[in-house]
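Here the structure comes first, spelled out in structure tokens, and everything after it is commentary.
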Amino acid sequence: MLKIYNTLARDKQDFKPITLNSVRMYVCGMTVYDYCHLGHARVMVVFDMVYRWLKASGYDVTYVRNITDIDDKIIKRAAENKESIHALTARFIAAMHEDADALGVQHPDHEPRATQYVAEMLEMIAQLEKNGLAYRAADGDVNYAVRKFAGYGKLSGKSLEDLRAGERVDIAGNKNDPLDFVLWKHAKEQEADEVKWDSPWGKGRPGWHIECSAMGSEILGKHFDIHGGGADLQFPHHENEIAQSEGAQLHEKGSRGQYVNYWMHNGFVRVDEEKMSKSLGNFFTIREVLKKYDAEVVRFFILRAHYRSPLNYSDVHLDDAKKALERLYTALKSITPPGLPLSGEETGSPPDETTSHSTKTSKNDVQVAGYDKWRLGGVVVDWNEPYAQRFKTAMDDDFNTPEAVAVLFDLANEVNRTQSAQAAAQLKALGAVLGLLQRDPQAFLQRGAGGLDDAAIGAQIEARLAAKKARNFAEADRIRKELLEAGIVLEDTPQGTSWRRA
RNA sequence: GGCGAGAUAGCAAAAUGGUUAUGCAGCGGAUUGCAAAUCCGCCUAUCCCAGUUCGAUUCUGGGUCUCGCCUCCA
């Protein structure tokens, strides 16, 4: 049985879906005013892994990952760039999809954008006002009255008293309580029409937290199974989401319904033991890193750590991950798995083939073609086999991917030792569950474009072969050394000489 | 200041009240014309101090240090 660490309970709990055999999951996505960095990569990859494991476990999963496309930082950036909000967000949504695509992240079933759910947000704000939880402040903002919501702080483990005592809580003049947060921001004159919506409280735009409450309940219902996001969203964002979503339900049968059953939070990516973040300026964008490292190496790097642990980024660690992944591909290289449908559409289609994604369209979702190229159909895993059982046990224990990856290495050893095609098939199939190991091993090991092209390498190999035949080993070794200096490693096998990039 | 998470070998990272994690690096052997890859073997560990226990890295208490949230953040 799957156990999930639930932030709400501060403990691992048995996972029991609300509806038999189906899971509804919402993950807080990105605010699109800049390129995604490695921290965003971690959220996308981690919850992609969760999504895949739930599906592999037989659940019918509905996965929602939102896009925040209206917000202070977006408005500011658009003004700086002298471009429209729409142009800015469209650009960075496309960039985000490219990054996600490269990392083998499957397309969520729904990818709602805040600007397209303003009506639902207004509805919810109205309901909150009706329930006595929202009020209009002197400056025209509509705020949430935190102290009126019993249980505020239950997710983050904070009490209103503790928070008030905190030195970092500003006293905002327009709020009844410094901890109250904005539901609806009144329009400022200098702002573009683009960021002004009509509302019963005058022109304005939504606060940040309300979008997730509105989109979550609109698409997944008022009560769903899993809500995820980065650990920094636990407070205040997710705390406020609970206050909004559960607060809005107060009128129903007089009792407050539960919003989400399991809250999941992934750990941070760090640089030199410090959180990677925009404000610290110590971030690496995904595309920056992908110039240097293969995307699957980055994905492997993320998944070999547990999702709740901190993950330190450095070249040394990426180099390490690269070599480790090469070991797995090397094991697959010489073995042809039996004709099982392991990837693509059962036809052994190459991994770079773009398959059309099958997004279930909810009313206003973004769709981007070619997003989903690593989506795999028909993965065949023999779950009764001992390695697969270990893998499953690990994954069922709060998605213990480090342990699951360790099983992959044990399986690789088995493959190398026994040359078993079955074991190789199992390795590839289990890899697919994590979104790994689906490329042609040869292509993976020869990837990159360092200096020599294939033809030049081939010619050198031929020349060396001739030298070897003439028993001119000095010449043969000279050629090999020359190739090595160009980053090409030769491997003589009974089947002939093959090469890979170091 | 309040709240929370964590300290495992050279590096990374799991697990466990007693029995090989795993990967990278290193050492020895097999294999190879020499290599590479692979296989076999080896090395290096559980922050400190108490307590519980036959036995603690694992449980309890204290300490030290690190990190995070309390402001936008994945």
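So that the names make sense, note that chain A is the first sequence line, chain B the second, and so on, each numbered from 1.
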Exercise for the section: Kindly assign one of parallel, tilted or perpendicular to the pair A:F149 and A:Y152, based on the angle between their ring planes and the thresholds 30° and 60°. Expected result: perpendicular

Exercise for the section: Quick one: sort the A:H265 and A:H238 rings into parallel, tilted or perpendicular, breaks at 30° and 60°. Expected result: tilted

How would you list, by chain and number, every residue that makes a side-chain contact (heavy atoms from CB on, under 4.5 Å) with [X], sequence neighbours excluded?
| X | answer |
| --- | --- |
| A:A394 | A:N400, A:E403, A:A404 |
| A:R480 | A:R464, A:D477, A:L490 |
| A:E288 | A:F284, A:T285 |
| A:E194 | A:S84, A:I85, A:H86, A:A192 |

For [X] and [N], give me the distance from atom [atom1] to atom [atom2], rounded to whole Å.
| X | N | atom1 | atom2 | result |
| --- | --- | --- | --- | --- |
| A:E274 | B:rG68 | CD | C1' | 11 Å |
| A:K185 | B:rC72 | NZ | P | 9 Å |
| A:D11 | B:rA5 | CG | P | 11 Å |
| A:F409 | B:rC24 | CZ | C1' | 9 Å |
| A:D315 | B:rC11 | CG | P | 18 Å |
| A:I461 | B:rA35 | CD1 | C1' | 14 Å |
| A:D162 | B:rC3 | CG | C1' | 6 Å |

Completion exercise
Walking RNA chain B from its 5' end, the first of A:S159 and A:V407 to be reached, judged by nearest nucleotide, is A:S159

Exercise for the section: For A:R390 and for A:K278, find the nucleotide of RNA chain B with the closest heavy atom, then tell me which residue's nucleotide is more 5'. Expected result: A:R390

Exercise for the section: Quick one, give me the B/S/- string for nucleotides 13-20 of chain B, reading 5' to 3', where B means a protein heavy atom under 4.0 Å from the base and S means that only happens at the primed atoms, P, OP1 or OP2. Expected result: SSS-----

Exercise for the section: Enumerate, in order of first residue number, the stems that involve RNA chain B, defined as 3 or more consecutive Watson-Crick or G-U wobble pairs with both distances under 3.5 Å. Expected result: B:1-7 with B:64-70, B:10-12 with B:22-24, B:26-30 with B:38-42, B:47-51 with B:59-63

Could you check whether [X] gets within reach of a base, just the sugar-phosphate, or nothing at all, counting any heavy atom under 4.0 Å?
| X | answer |
| --- | --- |
| A:D410 | sugar-phosphate |
| A:R308 | nothing |
| A:F235 | sugar-phosphate |
| A:G267 | base |
| A:V269 | base |
| A:R417 | sugar-phosphate |

Return the nearest nucleotide to the side chain of [X]; candidates are [options].
| X | options | answer |
| --- | --- | --- |
| A:N416 | B:rU38, B:rA21, B:rA74 | B:rU38 |
| A:T330 | B:rG33, B:rU38, B:rA74 | B:rU38 |
| A:A476 | B:rG33, B:rA74, B:rC70 | B:rG33 |
| A:K158 | B:rC70, B:rC72, B:rA36 | B:rC70 |
| A:K275 | B:rC69, B:rC40, B:rA36 | B:rC69 |
| A:R480 | B:rC67, B:rU22, B:rC34 | B:rC34 |

Handout entry: More than 12 heavy atoms of other groups within 6.0 Å of A:K148 NZ
Key = no

Practice task
State whether the number of non-hydrogen atoms from other residues, nucleotides or ligands found under 6.0 Å of A:R10 atom CZ is greater than 12.
Solution key: yes

[atom1]-based separation of [M] from [N] [nearest Å]:
| N | M | atom1 | value |
| --- | --- | --- | --- |
| B:rG28 | B:rG17 | P | 38 Å |
| B:rG63 | B:rG2 | P | 13 Å |
| B:rC69 | B:rU57 | P | 33 Å |
| B:rU46 | B:rA21 | P | 13 Å |
| B:rU8 | B:rU44 | C1' | 12 Å |
| B:rA7 | B:rA12 | P | 13 Å |
| B:rA50 | B:rG18 | P | 22 Å |
| B:rG62 | B:rC40 | P | 47 Å |

Exercise for the section: Check whether any side-chain N or O of A:D139 sits under 3.5 Å from a backbone N or O of A:D141 as a donor-acceptor pair, and report yes or no. Expected result: yes

Of [range], the positions that come close to RNA chain B - non-hydrogen atoms, cut-off under 4.0 Å:
| range | result |
| --- | --- |
| residues 226-234 of chain A | A:G229, A:G230, A:D232, A:L233 |
| residues 463-471 of chain A | A:R464, A:K468 |
| residues 317-327 of chain A | A:H317, A:D320, A:K323, A:A324, A:R327 |

Any salt bridge between [X] and [Y], counting N to O under 4.0 Å?
| X | Y | result |
| --- | --- | --- |
| A:E191 | A:R205 | yes |
| A:R299 | A:E296 | no |
| A:E98 | A:R287 | yes |
| A:K185 | A:D72 | yes |
| A:R113 | A:E211 | no |

Problem - Evaluation steps, side chain to side chain contact (heavy atoms under 4.5 Å, CB included), between A:V182 and A:Y144 - result: CA-CA 6 Å; A:V182 185; A:Y144 190 103; over 6 Å; no

Handout entry: Below 4.0 Å: OP1/OP2 of B:rG4 and any side-chain N or O of A:R10
Key = no

Exercise for the section: Please state whether the phosphate of B:rC40, meaning OP1 or OP2, lies under 4.0 angstrom from any side-chain nitrogen or oxygen of A:N413. Expected result: yes

I'd like to check the salt bridge (charged side-chain N to carboxylate O under 4.0 Å, His left out) partners of [X]; sequence neighbours left out, ordered by chain and number.
| X | result |
| --- | --- |
| A:K275 | A:D232 |
| A:E485 | none |
| A:D14 | A:K3 |

Problem - Cation-aromatic face contact A:K322/A:Y293, 6.0 Å, 45 degrees - result: no

